[in-house]
Colleague: 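Below is one structure. I have some questions about it.
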Amino acid sequence: GLSMDEVEALSKAMVKTGRTLSLGKKPILDKHSIGGIPGDKTSILVVPIIAAAGFTIPKTSSRAVTSPAGTADRVEALCPVSLSVEEIKKVVEKTNGCMVWGGALELAPADDIFIQIEYPLAIDPMLLPSIMSKKKAIGATHVVLDIPTGRGAKIKTMGEAEALAADFMDLGKRLGMNVQVGVTFGEQPLGNAVGPALEAREALSAIMGNCPPDLYEKATNLAGILLEMVGKKNGRQLAQEILKSGKAEQKLREIIEAQGGNPKVKAEDIAVGDKKAEVIADKDGEVLWITNEGIAKIAKEAGAPKDKGAGLLLKTKLGDHVKKGQAILEIVAERSTKLESAIELARKIQPI
């Protein structure tokens, strides 16, 4: 364990040993999720909403640490994410926002080494300094932090979530940042798609108006918190308006173009694996339980995140009624062998 003074000192040292991004203006907004639930494509909606509202949000993200897709993996299905600090500045000056892979930037580079060590061990002792050093390095002044909470998430109880939130806010203060926390529902994957290309497809169709209710709820909530932090009234309502009006979509397309992608991309243009299989319900009933870990394991078995087009689609969510013989899950893979082993794993662990 680390004391708060040690966490502060480590965070500052991690910032000092790397490059920093100075955009020469304030406020700089940012959003981060501590992760732990599959399919969490919230950033692809939050960044364009905030940028469309006229605020600066240079979002750096990681690739998958222990998940079937990290934000950088998802965004890469839409446009390049390995940009230099100079390129990021250009993109942000042009569009107010960016969604790039942090690992290429030498921002708090010690963090990337920590991640390589943590990945095989699936532990996260450096959670606070890891996240906060990256935020400080891009010059963030206002950060909203998403803590998915519930059985099957990294953080299991409200008590734990509140303790972690307090630590993040305290560390934020020590590093000169205003940090607010959203404790969100973490008992099932977000939206229906899990895996880089499948999630990019879902995020794109979501921003174009076809948004799964849980993703809509979470993205507008977190964007709303950020907007209120910088003085906007009724942040969530404003976020919803920006999303509904098509301004967020327009902004996402500007960012995609500025990062070197195709601004006219449609959901169906994003290639996904052509090997598919459905998992069928063996009886009637109601969905009471979806294990995040099980879903993540099956998506990884299918080839995600290395095979960009692999992953799975949930055909049911918590509370849904299911008939015997109905598809509850669709597994998508690029290779037949991986599809076979993912089907086998799904039968064995029965994640739904």
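In this text the structure is predicted, and so the values were computed from the model without any measurement. One is the number of the first residue; the rest follow in order along the sequence.
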Colleague: Salt bridge or not between E202 and K41? Use side-chain N to carboxylate O under 4.0 Å.
Modeller: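 Salt bridge present between E202 and K41.
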Colleague: Would you check, one step at a time, whether the test salt bridge (Lys or Arg N to Asp or Glu O under 4.0 Å) holds for E86 with R19?
Modeller: CA-CA 12 Å; E86 286 62 41; R19 298 192 61 177; 3.2 Å; yes
Colleague: With the 4.5 Å side-chain cut-off for hydrophobic clustering, are I138 and I57 part of the same group?
Modeller: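 The answer is no; the residues belong to distinct hydrophobic clusters.
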Colleague: Determine, step by step, whether D30 and K135 satisfy the salt bridge (Lys or Arg N to Asp or Glu O under 4.0 Å) criterion, reporting the C-alpha distance in whole Å, the side-chain angles of both residues, the deciding distance to 0.1 Å, and the verdict.
Modeller: CA-CA 7 Å; D30 207 346; K135 301 299 162 216; 3.1 Å; yes
Colleague: Does a sphere of radius 6.0 Å around NZ in K156 hold more than 12 heavy atoms from other residues, nucleotides or ligands, not counting ones at 6.0 Å or beyond?
Modeller: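 Check passes, neighbour count above 12.
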Colleague: Within the structure provided, determine whether V230 and F55 are in side-chain contact (heavy-atom separation under 4.5 Å).
Modeller: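 In contact.
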Colleague: Determine yes or no for a side-chain-to-main-chain donor-acceptor pair under 3.5 angstrom, with Q250 supplying the side chain and G246 the backbone.
Modeller: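 Side chain of Q250 to backbone of G246, a donor-acceptor pair under 3.5 Å: no, none is there.
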Colleague: Taking it one step at a time, do I290 and E187 satisfy side chain to side chain contact (heavy atoms under 4.5 Å, CB included)?
Modeller: CA-CA 7 Å; I290 299 180; E187 298 208 346; over 6 Å; no
Colleague: Using salt bridge (Lys or Arg N to Asp or Glu O under 4.0 Å), reason through K275 and E334 one step at a time and then give a plain yes or no.
Modeller: CA-CA 6 Å; K275 315 281 186 277; E334 293 180 3; over 6 Å; no
Colleague: Does the pair R63/D73 count as a salt bridge with the N-to-O cut at 4.0 Å?
Modeller: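 Judged by the 4.0 Å cut-off on N to carboxylate O distance, R63 and D73 do form a salt bridge.
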Colleague: Any donor and acceptor pair, going by atom type alone, linking the side chain of S245 with main-chain N or O of I242 inside 3.5 Å?
Modeller: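 Answer holds: yes.
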Colleague: Please indicate whether E293 has more than 12 foreign heavy atoms, meaning atoms of other residues, nucleotides or ligands, lying under 6.0 Å from its CD.
Modeller: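 Not more than 12 within 6.0 Å, no.
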Colleague: Go through the steps for T184 and T149 under the test side chain to side chain contact (heavy atoms under 4.5 Å, CB included), then give the verdict.
Modeller: CA-CA 6 Å; T184 55; T149 303; over 6 Å; no
Colleague: Are V143 and M229 joined in one hydrophobic group, where the rule is that I, L, V, M, F, W and Y side chains link up if heavy atoms are under 4.5 Å apart?
Modeller: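 Cluster IDs for V143 and M229 differ.
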Colleague: How about K317: does its NZ atom have over 12 heavy atoms from other parts shown lying under 6.0 Å from it?
Modeller: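 It does: K317 NZ has more than 12 such atoms within range.
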Colleague: Using modelled atom types only, decide if a donor and an acceptor are shared between the side chain of E278 and the backbone of A327 within a distance under 3.5 Å.
Modeller: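 No, E278 side chain to A327 backbone: no donor-acceptor pair under 3.5 Å.
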Colleague: Are L190 and L329 connected into the same hydrophobic cluster when the rule is that any two of I, L, V, M, F, W, Y join if their side-chain heavy atoms are below 4.5 Å apart?
Modeller: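 L329 does not cluster with L190.
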Colleague: Any chance you could lay out the side chain to side chain contact (heavy atoms under 4.5 Å, CB included) test for L164 and L127, step after step, and finish with the verdict?
Modeller: CA-CA 10 Å; L164 185 61; L127 187 69; 4.0 Å; yes
Colleague: I'd like to know if L198 and V265 are part of one continuous hydrophobic network [Ile/Leu/Val/Met/Phe/Trp/Tyr, side-chain heavy atoms within less than 4.5 Å].
Modeller: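 The answer is no; the residues belong to distinct hydrophobic clusters.
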Colleague: Between V7 and I155, is there shared hydrophobic-cluster membership here, with clusters defined by ILVMFWY side-chain heavy atoms closer than 4.5 Å?
Modeller: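 Yes: a chain of side-chain contacts under 4.5 Å links V7 to I155.
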Colleague: Regarding S43 and K31, do their side chains bring together a donor and an acceptor under 3.5 Å, going by distance alone?
Modeller: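 Note: S43 and K31 side chains meet the donor-acceptor criterion.
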Colleague: Return yes when atom NZ of K297 has more than 12 non-hydrogen atoms of other residues, nucleotides or ligands closer than 6.0 Å, and no otherwise.
Modeller: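 Atom NZ in K297 is not crowded, with 12 or fewer foreign heavy atoms closer than 6.0 Å.
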Colleague: Salt-bridged, E257 to K264, with N to O below 4.0 Å?
Modeller: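 So E257 does not pair with K264 through a salt bridge.
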Colleague: Please determine whether a side-chain nitrogen of the Lys or Arg among E254 and K94 lies less than 4.0 Å from a carboxylate oxygen of the Asp or Glu.
Modeller: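 Looking at E254 and K94, the cut-off is not met.
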Colleague: Any sub-3.5 Å donor-acceptor pair from S67's side-chain atoms to A64's backbone N or O?
Modeller: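 Looks like no, no N/O pair under 3.5 Å.
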Colleague: Kindly indicate whether the side chain of L175, heavy atoms from C-beta on, has any atom under 4.5 Å from the side chain of S11.
Modeller: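 Heavy-atom side-chain distance check passes, below 4.5 Å.
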Colleague: With a 3.5 Å distance limit and no angle check, can you tell me whether Q326 reaches the backbone of K323 through a side-chain donor-acceptor pair?
Modeller: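 Yes, the answer is positive, given that a donor and an acceptor are paired below the 3.5 Å cut-off.
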Colleague: Is K218 paired with D146 through a side-chain N to carboxylate O contact shorter than 4.0 Å?
Modeller: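 Salt bridge present between D146 and K218.
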Colleague: If we only count heavy atoms from C-beta on, is the W289 to V287 side-chain gap below 4.5 Å?
Modeller: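 Not in contact.
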Colleague: To the nearest 0.5 angstrom, please state how far the CG atom of N192 sits from the CG atom of L314.
Modeller: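 So the CG of N192 and the CG of L314 are separated by 6.0 Å.
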Colleague: Are D5 and S3 linked by a side-chain donor-acceptor pair shorter than 3.5 Å?
Modeller: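 Note: D5 and S3 side chains miss the donor-acceptor criterion.
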Colleague: Would you call I44 and R74 a side-chain contact if the rule is heavy atoms closer than 4.5 Å?
Modeller: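 Result yes, sub-4.5 Å side-chain heavy-atom pair found.
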Colleague: Dump the intermediate steps for side chain to side chain contact (heavy atoms under 4.5 Å, CB included) on V15 and L107, then the final yes or no.
Modeller: CA-CA 7 Å; V15 175; L107 302 165; over 6 Å; no
